[in-house]
Amino acid sequence: DADEYVFHWYDEATSSSHFWVIPADILAARSYFTTTTGVESIYLYGPEGVGTQPNPNARAPADTWTRAYYAGSLKRQT
């Protein structure tokens with residue numbers, strides 16, 4: 001078990017790595033990474049300009065709670 005989990009997404013278009021740091025208790029409260037649900041993936045939402053943004057015209061709004069845990073990015077040196 002861990003106190004927090006670090007998630008990484010690499011944006012090829014900008015050569016940047018983006019990171020989210022989410023506490024384990026927050027993930028557990030949302031039933032992620034438990035043996036009973038089998039959930040093994042998570043949708044990560046970043047600030048405007050980072051990755052795919054939720055559709056503002058969707059019938060039901062996206063749950064963008066992961067935005068609060070966006071830690072930042074690093075640009076790859078070429």
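Taking T14 as the reference, D11, S16 meet the side-chain hydrogen bond (donor to acceptor under 3.5 Å, both in side chains) condition, with sequence neighbours excluded. Under the rule for a side-chain hydrogen bond (donor to acceptor under 3.5 Å, both in side chains), the partners of Y70 that lie at least two apart in sequence or sit in another chain are H18. Remark: F19 pairs with H8 by the ring pair (Phe, Tyr, Trp, His ring centres under 6.0 Å) rule, at least two apart or across chains.
Rounded to the nearest 0.5 angstrom, F7 CZ and L44 CG are separated by 6.5 Å.
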Under 3.5 Å, which donor-acceptor pairs link side chains of residues 46-56 to any protein atom two or more places apart or in another chain?
from, atom 1, to, atom 2, distance (Å)
Q53, OE1, R67, NH2, 2.6
Q53, NE2, P47, O, 3.2
Q53, NE2, V50, O, 2.8
N55, OD1, N57, N, 2.7

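Counting heavy atoms from C-beta on, the side chains of Y5 and W20 never come closer than 4.5 Å. In this structure, the side chains of I42 and Y32 come closer than 4.5 Å at one or more pairs of heavy atoms.
Tracing side-chain contacts under 4.5 Å through hydrophobic residues (I, L, V, M, F, W, Y), one never reaches Y69 starting from L74; they form parts of separate clusters.
Other residues sharing the hydrophobic cluster of Y43, ordered by chain and number and joined by side-chain separations under 4.5 Å: Y45.
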*Criterion side chain to side chain contact (heavy atoms under 4.5 Å, CB included) on Y10 and S15, from CA distance to verdict*: CA-CA 7 Å; Y10 182 70; S15 297; 3.6 Å; yes
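For residues 14-32, every residue pair satisfying the salt bridge (Lys or Arg N to Asp or Glu O under 4.0 Å) rule, not counting sequence neighbours, is listed here: R30-D63.
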